[in-house]
Number of protein chains: 2
Amino acid sequence: MVTVHDVARHAGVSIATVSRALNDRERISSATRDRVLEIARSLGYQPNDLARSLAGMATQTIALLLPDITNPFFPELVKGVQTIADERGHLLLLCHNADDGAKARADIAMLRRKKVDGILLVAGTLKGRGIAGATSDLPTVVLDRRVPGLRSDVVTVDHRAGARKAVEHLLELGHRRIAHITGPPGISSSKERQAGWEEALRATGIEPDKELVVQGDFLEDGGYAGGRALIQRKVDFTAAFAANDMSAIGLLKALTEEGRQVPNDVSVVGFDGIHLAAYTAPALTTVAQPIFDLGRRAAELLLDRLAAAEPDKEPHTVVLETKLVVRGSTSQRR
Amino acid sequence: MVTVHDVARHAGVSIATVSRALNDRERISSATRDRVLEIARSLGYQPNDLARSLAGMATQTIALLLPDITNPFFPELVKGVQTIADERGHLLLLCHNADDGAKARADIAMLRRKKVDGILLVAGTLKGRGIAGATSDLPTVVLDRRVPGLRSDVVTVDHRAGARKAVEHLLELGHRRIAHITGPPGISSSKERQAGWEEALRATGIEPDKELVVQGDFLEDGGYAGGRALIQRKVDFTAAFAANDMSAIGLLKALTEEGRQVPNDVSVVGFDGIHLAAYTAPALTTVAQPIFDLGRRAAELLLDRLAAAEPDKEPHTVVLETKLVVRGSTSQRR
DNA sequence: CTGAAAGCGCTTACAG
DNA sequence: CTGAAAGCGCTTACAG
C-alpha cells in the first residue's frame, strides 16, 4: 500500500508537504504541488480516510435512520438523500430500526463510534425521549415529522394543510359523510392529519362525527381492519380519507371485499403519494408529499450545517408543500 | 472525550491492559478485566472505531452497490442484507450508481479509501470489465446475475428454470402463441430468461417465432413500448412472458389501452415477484425470486468469508429457487 | 513556502 | 498476566 511517506520520498519532500499538496488549501508553491500530485498519481496513491479522520478531518459520512426500507415511502426519500450525498462527496450509511427505540439507540451509539459527521432521522413511531439523548451533540436532521424533545433541524410537510386538501376535494365532490382512518396514535403527523380532516369539515359547517373515525397504523392491515370495522358497525359514509396511502390501499381491499364499489359507492383519498398508489385499481387519489425533495432538503440542511462556520446556530425547520393528485378512487357523490 | 488513557489511569493499569479487557481475547486475569470494564462503563467510555481500524482491526462496515433503490426490486433485497449486517454488528453503506460504470468505479474507490471490509454488488446493466478492475482484492459478492470477468462469490437464481416455469404455466393453460418481452440486451439474466422461454416452447414442440420477441429494458416503459409494438405489428398472440415485473406492468398498461382484456384476451406473466405485482389490476402472475433471501445469503457469504481463516479460498456460487405465483393476469386460453 | 515533531486513539508484538 | 514501546497513516501547529 502506497502512503504519504512513499510519495514524499519519491518527490524529495516531507510528508507535511505531501499532505499540503493533496489538501491544497495550505500555502504551497504551485510547482511543488503539481510535482507531488503527479508523483502521487503515478504511484497510484490513495489516501487512507481512516487516518485522515483520526487526524481530525471529517469522515464525510452521514447516516440515514429509518424504520423499514420496504415501506414504499422510503426508497424515494433515500434516493433524494443519496443524490445530495453523492453531489457533495459523502457516503451514506443506512440503518433500519423497525420502530424499535432500543435498536435505534444502539445504531446511533455505533454511528458515534464510527464518527459519522451527522445523521438523518426518520423517527417513524419512535418516541422522542430515548432518541433525543442518543443523538445529543451529533448534528441531526429529522425528517417528515417533528420529534418532541429533539432539538434539531426538521424537514417536513404541512400535514394538516395536506389533510385539508384531501377532505376539501371530497367535499367539493358533494360528500358529507367522510370517514377517517387515522395513523398510529401519539405521533404528530397522525394528529395533524386528523386535525386537518376536522378543520375542513368544520369549515363547511359539518361537525366531525366520532363514529366516522377509526384508528389505523399507517399500514395496509390497519386500513383493511378499519374498512371492515366501518362496515360492520354499519356506519353511514360515502367517502373516506385514510391517513396514508398504505392504509388507503388496505381500505380499498376491505371495501371491494364487502361489495362496495370504489369510487361509485365510496370515494377514497390517501396521503403520501407513493408510487404504488398509481398502480392500484382504481388508482388512488392522494395528497402527495414531495418525498424525493424531503430527502434532498434534509441532506442539504445537514451538509450545510456541517460545512458552516458556526454549526451550532439555532435549528431550522423547512416545511414543504403537498399536492393533491386526483385519480380514479374519487368521484362525485351519487 | 474519554479514551483508553483515561480508563487506564482510573484503573491504575496500562492502556495495553485496557485494550485487552475491552477486546477480551488476550489472556488477562478476569479480576482485572472486570475491574477495567466496570471503570470503562462508569466513565462512559466509547471506543473510537477509526483508531481501532487504523491499528489494524476491521471496520465492520460493508457496502451495497445497486443501480437505483426506487426500483421496486431492491428494497426487499436491501432489507435482507441489512438483517444480516445487523445480526453480525456490521454497518451498511449504500451506493447508487444508476447503471453508470464511472460512478460505480468512483464509489468503489471511495469505499476502498474508507477501508470497508467488503462489498455487495448488484451490477444491473453494468459491464463487467471496468468493475472487475475496481473491485480487485476487495472481497466482493455479486448478486442476482453473474458479471463476466469478475472472480467473486455469486448469489443468484436459476433465471432459465424460472422462465421455463412461467412459459410452462402458459402452455398448460392452452396458450401456444406466447410473446416474450426481453430484458436489456447483453446481460446474462436477460439472456437466460429468454433461453428459458425458448426451451419451454421447444419442449412442447413449438418452434420459437422471432416475431413474438420484442426487446425491453426491465422497465415499465420498455414493457409498454413492447406491448404497443406487438399490437401495431398485428402479431398474433394470446399470452406474453415479460422478462420482469416492471415490464409486465408496462405491458398490462399497453394492452389495456389497446382494448385487450387481461387475462381474457391476453395472459401475462412477469418475473421477480416484487410487491407491486400484487397490487396491479389484474394482479400479476409472476415467477418470484426470493428477493429477501438473495440479500441475506449474499451478506452471509460475504461476512463468512471475511471471518474465515483463509478468506481467499475459491469463489462460491449460490443458486436459489424461484417460485411461480399464480394471480389474476393469467387464465385458460379462450 | 517547507520540514521536524507531535498527536489523533487505538492494537499488538516483545519483554518480563 | 501486565507494561513500555512501536506503529497504523494521516494533519497541523510551530519554527524557520
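So you know, we letter chains A, B, ... as the sequences are listed, proteins then strands, and number each from 1.
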The answer to which of B/Gly56 and B/Val13 contacts DNA chain D further toward the 5' end, by nearest nucleotide, is B/Val13
Practice problem: Might you confirm whether atom CD of A/Glu87 has over 12 heavy atoms from other residues, nucleotides or ligands at distances under 6.0 Å? | Solution: yes
**Asked** Considering only the C1' atoms, how many Å lie between D/dG16 and D/dT12, rounded to the nearest integer?
**Response** 16 Å
Rounded to whole Å, the NZ-P distance (B/Lys114 to D/dG9) equals 17 Å
Q) Contact class for A/Ile15 (heavy atom, under 4.0 Å): base, sugar-phosphate, or nothing? A) base
Between CG of B/Asn23 and C1' of C/dG9 the distance, given in whole Å, is 13 Å
Scanning both residues in full, the closest heavy-atom pair of B/Thr156 with B/Asp144 reads OG1-O, 2.6 Å
**Any B/Asn48 side-chain N or O less than 4.0 Å from OP1/OP2 of C/dC8** = no
Between NE2 of A/His5 and P of C/dA5 the distance, given in whole Å, is 12 Å
The answer to which of A/Ser14 and B/Ala51 contacts DNA chain C further toward the 5' end, by nearest nucleotide, is A/Ser14
Students often get this wrong, so: under 4.0 angstrom with heavy atoms, is B/Thr32 touching a base, only sugar-phosphate, or nothing? sugar-phosphate
Report task. Report yes if at least one side-chain N or O of B/Thr3 is closer than 4.0 Å to OP1 or OP2 of C/dC8; otherwise report no. Result -> no
Next item on the list: For the residue pair B/Glu300 and B/Val155, establish whether any side-chain heavy-atom pair is separated by less than 4.5 Å.
Entry: no
| query | Under 4.0 Å: is that the gap between some side-chain N or O of A/Ser29 and OP1 or OP2 of C/dT2? | reply | yes
Which of D/dT2, D/dG9, C/dT11 is nearest the side chain of A/Met1? It is D/dG9
Between CG of B/Leu54 and C1' of D/dC8 the distance, given in whole Å, is 4 Å
Checklist entry - Among side-chain atoms of A/Arg112 and B/Asn48, is any donor-acceptor pair under 3.5 angstrom? => result no
Counting C-beta onward and ignoring hydrogens, is there a side-chain heavy-atom pair between A/Thr59 and A/His90 closer than 4.5 Å? no
Closer than 4.0 Å, any side-chain N/O of B/Thr17 to the OP1 or OP2 of D/dT2? no
Atom CD of B/Gln46 and atom C1' of C/dC8 are separated, to the nearest Å, by 18 Å
Separation of C/dG9 atom P from B/Met57 atom CE, nearest Å, is 18 Å
Pairwise side-chain contact, A/Ile119 with A/Pro139, heavy-atom cut-off 4.5 Å (strictly under):
no
Between CZ of B/Arg52 and P of D/dG9 the distance, given in whole Å, is 19 Å
Rounded to whole Å, the CD1-P distance (B/Ile28 to C/dT11) equals 12 Å
Out of C/dC10, C/dG3, D/dT2, minimum distance to the side chain of B/Tyr45 belongs to C/dC10
Using only modelled atom types and a 3.5 angstrom limit, is any donor from either the side chain of B/Arg20 or the base of D/dG3 paired with an acceptor on the other? yes
Partner of C/dA15 under the Watson-Crick or G-U wobble criteria, both distances under 3.5 Å, comes out as D/dT2
